[in-house]
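A quick write-up on the structure given underneath.
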There are 2 protein chains.
Amino acid sequence: MLVYAILELLQHKPLSGYELKKRFSGSIVFFWHARHSQVYPELKRMEKQGLIAGTRVEQETRPAKRVYAITADGERALKAWLKRPVALQAVKDQMMLKTFAFHLIEPQEAAAQLRHHQRLHQRRLDLYLATRQELEQRCGEIDATGDPIAFWNAVTLGYSIELERSYIAWCNWALERQRRFNARAVEANANGAPAGGPTEGAVG
Amino acid sequence: MLVYAILELLQHKPLSGYELKKRFSGSIVFFWHARHSQVYPELKRMEKQGLIAGTRVEQETRPAKRVYAITADGERALKAWLKRPVALQAVKDQMMLKTFAFHLIEPQEAAAQLRHHQRLHQRRLDLYLATRQELEQRCGEIDATGDPIAFWNAVTLGYSIELERSYIAWCNWALERQRRFNARAVEANANGAPAGGPTEGAVG
DNA sequence: CTGAAATATGACACTTTTGACCTATGGCAA
DNA sequence: TTGCCATAGGTCAAAAGTGTCATATTTCAG
């Protein structure tokens, strides 16, 4: 997969390993990322396969760098991949893994975790919104410019924003539901009817 | 991370490697998954660490199995992990990686990809909704039962459902935006004003 | 009675990813 | 002038994860 992420970035413009690494902390990082210790070996492998071509570039004030450009073969491989249908991706979410077992910790601790997580996603959302503002200022009303690169950039950014909003909304919803749940439990306890214990049937 | 996923599952009830593997195709698979070739070695490692304890169990109609139970150490480790604040997780989304480069393929091919992906997520959403129905039938109105396991199960399931709905909504939105975008491009073309070419500034 | 399917566990090669460490150069600030 | 930061590019061990093959047993359908 990293192969295609790199090809996509090089398809716009030739870049060095260091510049690529920085791109993976730029807009593409919203849905794909890689460390430099993964990028450099991958570039070598891709060059051996003929997907990209590197050239040494001397610089005056900075160390020399090796700039990679996509080849005709690389572009073919990229387009072929784009046309292949994607399979449904498995979800891996640490926060959900924790939430699934929140019955093991104190309700207020669970709530604190949810609030903390909400703050983190709020910060990320703010970053995404700022990025969108920037993009719109650079490109004007995207639909009007007719630039397909800016268009699809905006479409993926729209997804990232929606995802963060969903997460924040879910945190709110979970906290609200938890408040109601706890209130009921306290009430039931006061009436001398203890809340139900672990129910095996709930898991599977 | 797999360690904690396994501990969570064993915390409910001792299970064999095979049963665990099946759990990873059950409700926990909505946000975590693992193949059996990862589960079995992990169980051995965890037993050596003292987080779980295995016992050989003979069966009449089936081959003997090794059932693992969580230890006091394992429970402590699990609870400690639950209380540690989660870091923001990086997103990895193949579909977004593709969408980011859809300017390289024909608009109708991009639209076909979006529609295909929407169908896949619709199917998954249907599965999740069925699971929720099942859960509610087994546990009744969850807030009323006072069972915290069923409660947090419902909360995570709520997230999974929201995520799928977001994805489907995004596909619709993207398709609609693309239709408008293409209509404009055709219009501009008819007026003798060709649509803008690649804009370097759109990526970074 | 043969073969497929489910149960049950494992080995192994491989890729992907992470985290820590290392080497340079040059600019800039305390 | 000492040290930090950014640029530039690596290495390496380890962990995480995938995919395939192997090996038993038993049940059940044809």
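Below, read A as the first sequence line, B as the second, and so on, with proteins coming before strands; counting in each chain starts at 1.
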(request) Would you indicate, yes or no, if D:dG17 has its OP1 or OP2 atom less than 4.0 angstrom from a side-chain nitrogen or oxygen of B:Gln38? (result) yes
| Does B:Arg62 place a side-chain N or O at less than 4.0 Å from the phosphate oxygens OP1/OP2 of C:dT9? | no
It should be established whether B:Arg66 places a side-chain nitrogen or oxygen under 4.0 Å from OP1 or OP2 of nucleotide C:dA8.
no
How far apart are the C-alpha atoms of B:Arg45 and B:Glu42, what are their side-chain angles, what is the distance that settles it, and do they pass the salt bridge (charged side-chain N to carboxylate O under 4.0 Å, His left out) test? CA-CA 5 Å; B:Arg45 233 200 45 189; B:Glu42 190 68 27; 3.2 Å; yes
Practice item. Compare side-chain N and O positions of B:Ser16 against OP1 and OP2 of C:dT9 and report whether any pair is under 4.0 Å apart. Key: yes
Discussion item. Regarding B:Gln59, tell me which of base, sugar-phosphate or nothing describes its non-hydrogen contacts under 4.0 Å with the strands shown.
Written reply: sugar-phosphate
Residue-phosphate contact under 4.0 Å: B:Lys22 side-chain N/O, C:dA8 OP1/OP2: no
Margin query: Students often mix this up, so state it plainly: with edges at 30° and 60°, are the rings of B:Phe102 and A:Trp152 parallel, tilted or perpendicular?
Written below: perpendicular
B:Trp32 has its side chain closest, among D:dG17, D:dT7, C:dA6, to D:dG17
When rounded to whole Å, the CE to C1' distance for the pair B:Met1 and D:dA15 reads 14 Å
Review point. Are a donor atom and an acceptor atom from the side chains of B:Gln118 and B:Asn172 found within less than 3.5 Å of each other?
Key: yes
| query | Parallel under 30°, tilted from 30 to 60°, perpendicular over 60°: which one fits the rings of B:Tyr167 and A:Tyr159? | reply | tilted
From the candidates C:dC21, C:dG10, C:dG19, the one with an atom nearest any side-chain atom of A:Arg35 is C:dG19
Q.
Could you check whether the side chain of B:Ser37 and the base of D:dG19 have a donor-acceptor pair of N or O atoms closer than 3.5 Å, going by distance alone?
A. yes
Report task. Verify the contact: side-chain N or O of A:Lys21 to OP1 or OP2 of D:dA8, cut-off strictly under 4.0 Å; return yes or no. Result -> no
Using a 4.0 Å heavy-atom cut-off, does B:Arg56 contact any base of the nucleic acid, only the sugar-phosphate backbone, or nothing at all?
nothing
Between A:Pro63 and A:Ala34, the residue closer to the 5' end of DNA chain C by nearest nucleotide is A:Ala34
Rounded to whole Å, the CG-P distance (A:Leu15 to D:dA8) equals 11 Å
Within the pair A:Tyr18 and D:dT7, is there a side-chain N or O less than 4.0 Å away from OP1 or OP2? yes
Q: Identify whether the distance between the nearest side-chain nitrogen and carboxylate oxygen of B:Lys44 and B:Glu47 falls below 4.0 Å.
A: no
Could you tell me whether the phosphate oxygens of C:dG10, OP1 or OP2, come under 4.0 Å of any side-chain nitrogen or oxygen in B:Tyr40?
-> no
If only side-chain N and O atoms of A:Lys44 are considered, is one of them under 4.0 Å from the OP1 or OP2 phosphate oxygen of D:dG10?
-> yes
